[in-house]
2 protein chains.
Amino acid sequence: MPTPHYGQPRYRVIAEELRKRIESGLIPPGALLPAESTLAVEFEAARGTIRQAIAVLRDDGLVTTEHGRGTYAITRPHGRHSNRPSQHIRESEIAADSDLAFIFNIEVGAPLIVQESVIRDGGRTEEVIRAYRAPRSDQ
Amino acid sequence: MPTPHYGQPRYRVIAEELRKRIESGLIPPGALLPAESTLAVEFEAARGTIRQAIAVLRDDGLVTTEHGRGTYAITRPHGRHSNRPSQHIRESEIAADSDLAFIFNIEVGAPLIVQESVIRDGGRTEEVIRAYRAPRSDQ
DNA sequence: AGAAATTTGTCCGTATGTATC
DNA sequence: AGATACATACGGACAAATTTC
């Protein structure tokens with residue numbers, strides 16, 4: 001599927017998705033974003049497109065990127081954005097269902113960490129993001 | 001020589017060559033592959049191209065790579081690592097369970113769009129991200 | 001213990017060719 | 001024609017982990 005850019009161009013859509021992850025706290029302040037190549041796989045986009053998306057966030061002061069290092073979420077949302085969507089973040093441990101067990105290649109019932117953030121705009125729920133990962137083994 | 005990608009791209013050709021060396025035992029199980037920079041000279045390719053080739057092998061479970069160390073041929077081709085390319089289950093429509101229905105303040109069973117991203121590093125699943133949102137009203 | 005060398009990881013900028021809207 | 005996007009490829013530089021001296 002080459003290039004259907006209905007409405008918004010891809011790089012802007014990707015930028016918005018990353019923005020949500022940062023503003024919702026899913027990518028906490030100071031944390032490293034996945035590498036450009038990783039994001040390229042994730043979003044099924046070319047690296048150039050990812051770089052364009054990150055450039056948008058950098059322009060907005062949401063991230064900084066260091067040569068040879070990576071791109072960080074900014075420590076503090078400097079500007080007071082009044083329209084900042086409200087957010088809930090909670091982390092909990094769950095048992096993997098068959099679906100997740102398959103993806104992670106673990107046993108059904110094995111523990112997984114799930115981080116859920118809810119993005120609200122006014123009274124309306126805009127998006128719910130759930131991030132599953134394996135528990136840290138190194139404590 | 002710029003970038004004529006007629007037929008097979010170079011990184012695939014290189015990947016196939018390396019695969020032969022491993023499967024033939026020329027590079028025995030557990031042995032270190034030559035450094036990326038060495039391979040770059042050998043194949044007269046940029047390091048990035050070599051890294052792409054190695055990524056193919058890593059995806060196929062033929063090698064593992066360690067930062068600062070190098071890339072090893074896998075000790076044991078533990079069974080047939082079934083070809084699992086599905087990295088990104090795109091977007092699908094689901095029916096809201098009670099949990100999501102509550103968060104979104106909609107009825108149980110109402111349609112929701114879920115976008116699932118699977119982040120892999122080599123053969124290992126690092127994270128699964130699921131973003132739920134209400135279907136767009138237009139269309 | 002410490003410095004240097006090696007090696008992988010990541011980003012930067014650029015370029016070509018193709019394809020779609 | 002121009003903007004967007006993809007896949008591929010190059011060369012350079014800095015960062016970080018590991019090994020070697």
Side-chain angles (χ1 to χ4, degrees), chain A residues 1-18 27 30-59 62-74 138, chain B residues 1-18 22 27 30-59 62-74 85 87-88 90-91 119-124 126-127 139:
Chain A
M1 296 60 169
T3 317
H5 62 284
Y6 309 124
Q8 289 249 307
R10 289 269 282 150
Y11 74 92
R12 269 184 211 286
V13 175
I14 293 171
E16 282 320 297
E17 176 60 31
L18 290 176
I27 297 175
L32 214 50
L33 270 66
E36 292 171 354
S37 52
T38 305
L39 292 172
V41 174
E42 232 197 282
F43 287 105
E44 292 181 333
R47 197 188 132 221
T49 308
I50 300 295
R51 284 175 60 74
Q52 258 182 300
I54 289 179
V56 171
L57 302 181
R58 198 165 33 231
D59 261 18
L62 259 156
V63 300
T64 52
T65 137
E66 285 174 39
H67 192 171
R69 254 250 179 99
T71 298
Y72 296 90
I74 277 297
D138 60 287
Chain B
M1 288 40 150
T3 317
H5 54 285
Y6 311 125
Q8 284 250 310
R10 304 195 55 191
Y11 75 91
R12 268 185 221 284
V13 175
I14 294 171
E16 282 320 298
E17 176 58 33
L18 291 176
I22 292 170
I27 298 176
L32 216 50
L33 268 68
E36 292 170 355
S37 52
T38 305
L39 292 172
V41 174
E42 242 196 83
F43 288 102
E44 292 183 331
R47 198 185 137 211
T49 307
I50 300 295
R51 285 178 60 78
Q52 254 183 301
I54 290 178
V56 171
L57 302 181
R58 197 165 35 231
D59 258 21
L62 260 153
V63 300
T64 53
T65 300
E66 286 174 38
H67 191 173
R69 262 240 179 63
T71 298
Y72 297 90
I74 277 297
Q87 301 167 327
H88 189 97
R90 258 290 188 236
E91 254 185 28
I119 301 174
R120 287 213 177 84
D121 188 18
R124 195 174 146 282
E126 280 211 332
E127 195 172 18
Q139 183 297 107

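A note on names: the letters A, B, ... follow the listed sequences, proteins ahead of strands, and every chain is numbered from 1. Any value given below was found using the heavy atoms of this structure, including those in side chains, with hydrogens, waters and symmetry copies removed.
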Visitor: Nearest whole angstrom, please: distance from the P of D/dA7 to the CD of B/Q8.
Guide: 16 Å
Visitor: Check whether any side-chain nitrogen or oxygen of B/R51 sits under 4.0 Å from OP1 or OP2 of C/dT8, and answer yes or no.
Guide: no
Visitor: A/L33 has an atom CG; how far is it from atom C1' of C/dG9, in whole Å?
Guide: 16 Å
Visitor: Checking B/E16 now: which residues fulfil side chain to side chain contact (heavy atoms under 4.5 Å, CB included) with it, not counting sequence neighbours?
Guide: B/R19
Visitor: Have a look at B/G48 and say if it touches a base, only the backbone sugar-phosphate, or nothing, with a 4.0 Å heavy-atom cut-off.
Guide: nothing
Visitor: Using side chain to side chain contact (heavy atoms under 4.5 Å, CB included) as the criterion, list what pairs up with A/R58, not counting sequence neighbours.
Guide: A/I54, A/A55, A/V63, A/T65
Visitor: For D/dT4, take OP1 and OP2 only and decide whether either is under 4.0 Å from a side-chain N or O of A/T49.
Guide: no
Visitor: Given C/dC11, C/dT7, D/dA9, identify the nucleotide with an atom nearest to the side chain of B/A35.
Guide: C/dT7
Visitor: Tell me, please, which residues at least two apart from B/A46 pass side chain to side chain contact (heavy atoms under 4.5 Å, CB included).
Guide: B/T49
Visitor: Which atoms form the tightest heavy-atom contact between A/A15 and A/L57, and what is the distance?
Guide: O-CD2, 3.5 Å
Visitor: Need one value for B/R10: base, sugar-phosphate or nothing, where a base atom within 4.0 Å counts as base even if backbone is also close, heavy atoms only.
Guide: sugar-phosphate
Visitor: Quick one: closest heavy-atom pair of B/R10 and B/F43, and the distance?
Guide: NH2-O, 3.2 Å
Visitor: What is the distance, rounded to the nearest whole Å, between atom CD of B/E36 and atom C1' of D/dG12?
Guide: 15 Å
Visitor: In whole angstroms, how far is the P atom of C/dT6 from the CG atom of B/L32?
Guide: 15 Å
Visitor: Identify the two heavy atoms, one from B/A73 and one from B/L33, that lie closest to each other, and give their separation to 0.1 Å.
Guide: N-CD1, 3.7 Å
Visitor: Going 5' to 3' along nucleotides 14-21 of chain D, which nucleotides have protein heavy atoms under 4.0 Å from the base (write B), which only from the sugar-phosphate (write S), and which from neither (write -)?
Guide: BSBBSS--
Visitor: Under the side-chain hydrogen bond (donor to acceptor under 3.5 Å, both in side chains) rule, collect the residues that match up with B/E36, sequence neighbours excluded.
Guide: B/R47, B/R51
Visitor: Please state whether the phosphate of D/dT8, meaning OP1 or OP2, lies under 4.0 angstrom from any side-chain nitrogen or oxygen of B/Y11.
Guide: yes
Visitor: Pull out every residue in residues 37-45 of chain B that has a heavy atom closer than 4.0 Å to any atom of DNA chain C, ordered by number, or say none.
Guide: none
Visitor: Between A/I54 (CD1) and C/dT10 (C1'), how many Å, whole number?
Guide: 11 Å
Visitor: Could you state the atom-to-atom distance from CD of B/Q52 to C1' of C/dG9 in whole Å?
Guide: 15 Å
Visitor: Do you know which two heavy atoms are closest between B/I14 and B/A53, and how far apart they sit?
Guide: CG2-CB, 3.8 Å
Visitor: Of all the nucleotides listed (C/dC12, D/dT4, D/dT8), which has the minimum atom distance to the side chain of B/P9?
Guide: D/dT8
Visitor: Taking side chain to side chain contact (heavy atoms under 4.5 Å, CB included) as the definition, give me every residue that meets it alongside B/T38, ordered by chain and number, with sequence neighbours left out.
Guide: B/P34, B/A35
